[in-house]
Each structure stands twice: as structure tokens, then as C-alpha cells.
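Below you'll find the structure, written out as C-alpha cells, and then a few comments.
Here the structure is a predicted model, which means the values were calculated and not measured. All values below come from the heavy atoms of this structure, side chains included, with hydrogens, waters and symmetry mates left out. Numbers here are sequence positions counted from 1.
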Amino acid sequence: MLHHGAAVAFVILAWWLSTGAILHAAGRERPRVVPLMAAATVMAVAGFAALWRSTGMDDLGGVYLGFLGALAIWGWHEASFLSGVVTGPMRDACPKGAVGYERFRAAFLAIRDHELAIAATALVIVAISIGGDNRVGMWTFLLLWAMRITAKLVLFLGAPHVAVQMLPKRLAYIATYFRTDRVSAAFPAFIAGMLVLFAFLCMEAVNAPAHHLSISATVLAAFLGLAIIEHLLLVLPVSDAALWRWAMPDRLCPLCSTARL
């Protein structure tokens, strides 16, 4: 039980520190883009190396190495998006009066290149990991990707309490694609699906035949639990901005008081 508690604490700390570091570096009004992306690229390369090395490790070291590798790779995508390097061809506010497919198309074009980059990275990670003994890095990245997609859909379809104060000013136009006048009808279905997966991972953590597999499931369950909480904060009148106040320089979005796109 001690190892499981340590795994949960490790996931929370890694998530909090890594997210805060990226928000701080990429969220400045005038970020040093070249040094930032150079550092993010070095971290991503190290992440790929760690993830590749972890696939052949069937112990706790492999679990944590794979998880950190996936997080480092994901950090490159976060930094490139928040700094405005990789977003999409649409860099304007949502066209007035746009509804239905027109609004969806404009919203997708605002983040298209970011999405394609993540998809390409996911394919590489799957190719690296699929034949390995330890796939926690692969599942961590795929879980991040899936939760990012559901969060984007919730923001697009309806989330009344989006804490967009973590959105840099240069990306203020992204907020115009959010719908804040209602809770999306799809939201309960998203949460239900996440809870089913969370319960499955918890059962795997209890019933896994090997200790490192049990900790792998615990790490993924803890990470998914954080994602569920973040989704709930999109619709509940509670903001998580205080968690990141230490990391946010004075460059907040003028349209609002991230949504993690």
C-alpha cells in the first residue's frame, strides 16, 4: 500500500511541477521562444530515450521512467502551443454568427497543426512501445491525448466555468471558440466513460499479477483521476487557478479573468 501511495504522490507532484514550469516559461507576454523550444526539444529527445529504455524494464524504475518520458514529450507540445509556435492556420477570433459545421471548422483550424503534431508523436510512441514489456509510457501519452480531446470537446460544446486565466494573451482568440452559456449534454457521457476506465485501472492495480504492473495501473489511475477533476472544474463554480498562481507571470488573457487546450 505504501508503494501505491508513493506512486499517487509522485504523479500529482510531477503533473503540478511540469505544468507550472511550462506555464511560467511559455506564458510570458514576450517569451524567449528560441531558448524555450530548444530546451523543450532537448527534454523531448530525453523523453523519447527514457520511454524507449523503459519498454524493456519490468520493474518500478521502468514504470517511473516511462511515465516521465511521456510527460517530457508531452511538454514539448504544451510549450509549442502556449508559445504560439505550433497552433493552426486560423489565428483570428471565431467568425461572428458562425454555428454548426462552420464554427467547428474554424475552431479546428485554430489548433489543427497542434493536433496533427500530437497524432504523429503518438504513432511514433506506439511504434517504439508496442513490442516492449513495459508500456506505461505509451499509455500515459495516449491517456493525455484522449483527455485533451475530451476537454476540447467540452470547451467547444459548453463549459460555463472555464478558468481561462492561464491562456496567454497571444492566444486570446482561442477563448472565442469556447461556449460558456451552458453545460454540454455530452459532458455526463464523457465523465461516465472516464469513471469506467478509472474503475478498471483501480481493479488492475489490485489484481495485477506483478508488483510493477500494479504500480503501472496505479500511476495511470492517478493521472486519469487528475484529468477527471480537471474536467469537473470546467463546469463547476470552482477555479483551479490558485494552483498555478506561482507559475503565471503577468501575461493573462485580457478576455477572461487554460483551459488546457
Hydrophobic clusters here meaning ILVMFWY residues chained together by side-chain heavy-atom distances under 4.5 Å, can you tell me if [X] and [Y] are in one?
{"X": "Trp145", "Y": "Ile228", "answer": "yes"}
{"X": "Ile149", "Y": "Leu234", "answer": "yes"}
{"X": "Phe104", "Y": "Leu116", "answer": "no"}
{"X": "Leu68", "Y": "Met57", "answer": "no"}
{"X": "Phe108", "Y": "Leu171", "answer": "no"}

Does His161 form a side-chain contact (heavy atoms from CB on, under 4.5 Å) with Leu236? I'd like the steps, not just the answer.
CA-CA 6 Å; His161 296 287; Leu236 296 176; 5.6 Å; no
So does [Y] get a backbone contact from the side chain of [X], meaning a donor-acceptor N/O pair under 3.5 Å?
{"X": "Asp133", "Y": "Asp58", "result": "no"}
{"X": "Thr176", "Y": "Cys94", "result": "yes"}
{"X": "Thr19", "Y": "Trp16", "result": "no"}

How far does [atom1] of [X] sit from [atom2] of [Y], to the nearest 0.5 angstrom?
{"X": "Phe67", "Y": "Phe223", "atom1": "CZ", "atom2": "CZ", "value": "4.5 Å"}
{"X": "Leu109", "Y": "Asp92", "atom1": "CG", "atom2": "CG", "value": "11.0 Å"}
{"X": "Arg135", "Y": "Ile130", "atom1": "CZ", "atom2": "CD1", "value": "4.5 Å"}
{"X": "Leu213", "Y": "Thr218", "atom1": "CG", "atom2": "OG1", "value": "10.5 Å"}
{"X": "Leu153", "Y": "Phe190", "atom1": "CG", "atom2": "CZ", "value": "4.5 Å"}
{"X": "Thr150", "Y": "Leu155", "atom1": "OG1", "atom2": "CG", "value": "9.5 Å"}

Taking side chain to side chain contact (heavy atoms under 4.5 Å, CB included) as the criterion, tell me which of Val124, Ile118, Ile125 meets it with Thr121.
Ile125
So if I apply the side chain to side chain contact (heavy atoms under 4.5 Å, CB included) rule between Phe81 and each of Val86, Ile111, Ile22, which one comes out positive?
Ile111
Which atom pair, heavy atoms only, marks the closest approach of [X] to [Y]?
{"X": "Leu157", "Y": "Arg179", "result": "O-CD, 3.7 Å"}
{"X": "Ile215", "Y": "Tyr64", "result": "CG2-OH, 4.0 Å"}
{"X": "Ser214", "Y": "Ala208", "result": "N-CB, 3.5 Å"}
{"X": "Ile128", "Y": "Thr55", "result": "O-CG2, 4.2 Å"}
{"X": "Ala122", "Y": "Leu142", "result": "CB-CD2, 4.1 Å"}
{"X": "Ala106", "Y": "Pro95", "result": "CB-CD, 4.0 Å"}

Residue [X] excluded, over 12 heavy atoms near [atom1] under 6.0 Å:
{"X": "Arg91", "atom1": "CZ", "answer": "yes"}
{"X": "His3", "atom1": "NE2", "answer": "no"}
{"X": "Arg53", "atom1": "CZ", "answer": "no"}

If you draw the axis of the six-membered ring of Phe187, does the NZ or CZ of Arg182 fall within 45° of it and under 6.0 Å from the ring centre?
no
Could you list the donor-acceptor pairs under 3.5 angstrom formed between side-chain atoms of residues 37-45 and any protein atom two or more places apart in sequence or on another chain?
unit_1, atom_1, unit_2, atom_2, d
Thr41, OG1, Met37, O, 2.7
Thr41, OG1, Trp76, NE1, 3.1

Run the side-chain contact (heavy atoms from CB on, under 4.5 Å) test on Arg103 and Phe156 for me, step by step, so that the C-alpha distance in whole Å, both residues' side-chain angles and the decisive distance to 0.1 Å come before the verdict.
CA-CA 9 Å; Arg103 177 171 169 261; Phe156 179 79; 3.3 Å; yes
Not counting sequence neighbours, which residues clear ring-ring contact (aromatic ring centres under 6.0 Å, His included) with Trp74? List them please.
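Counting only residues at least two positions away or on another chain, Trp74 forms a ring-ring contact (aromatic ring centres under 6.0 Å, His included) with Phe141.
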Is there a side-chain contact (heavy atoms from CB on, under 4.5 Å) between Asn134 and His212 once you walk through the steps?
CA-CA 9 Å; Asn134 173 22; His212 75 281; 5.6 Å; no
Please tabulate, one pair per line, all N/O donor-acceptor pairs under 3.5 Å involving side-chain atoms of residues 197-205, not counting sequence neighbours.
none

Going through the checks in order, is the side-chain contact (heavy atoms from CB on, under 4.5 Å) test met by Met147 and Leu224?
CA-CA 8 Å; Met147 294 303 100; Leu224 179 56; 3.7 Å; yes
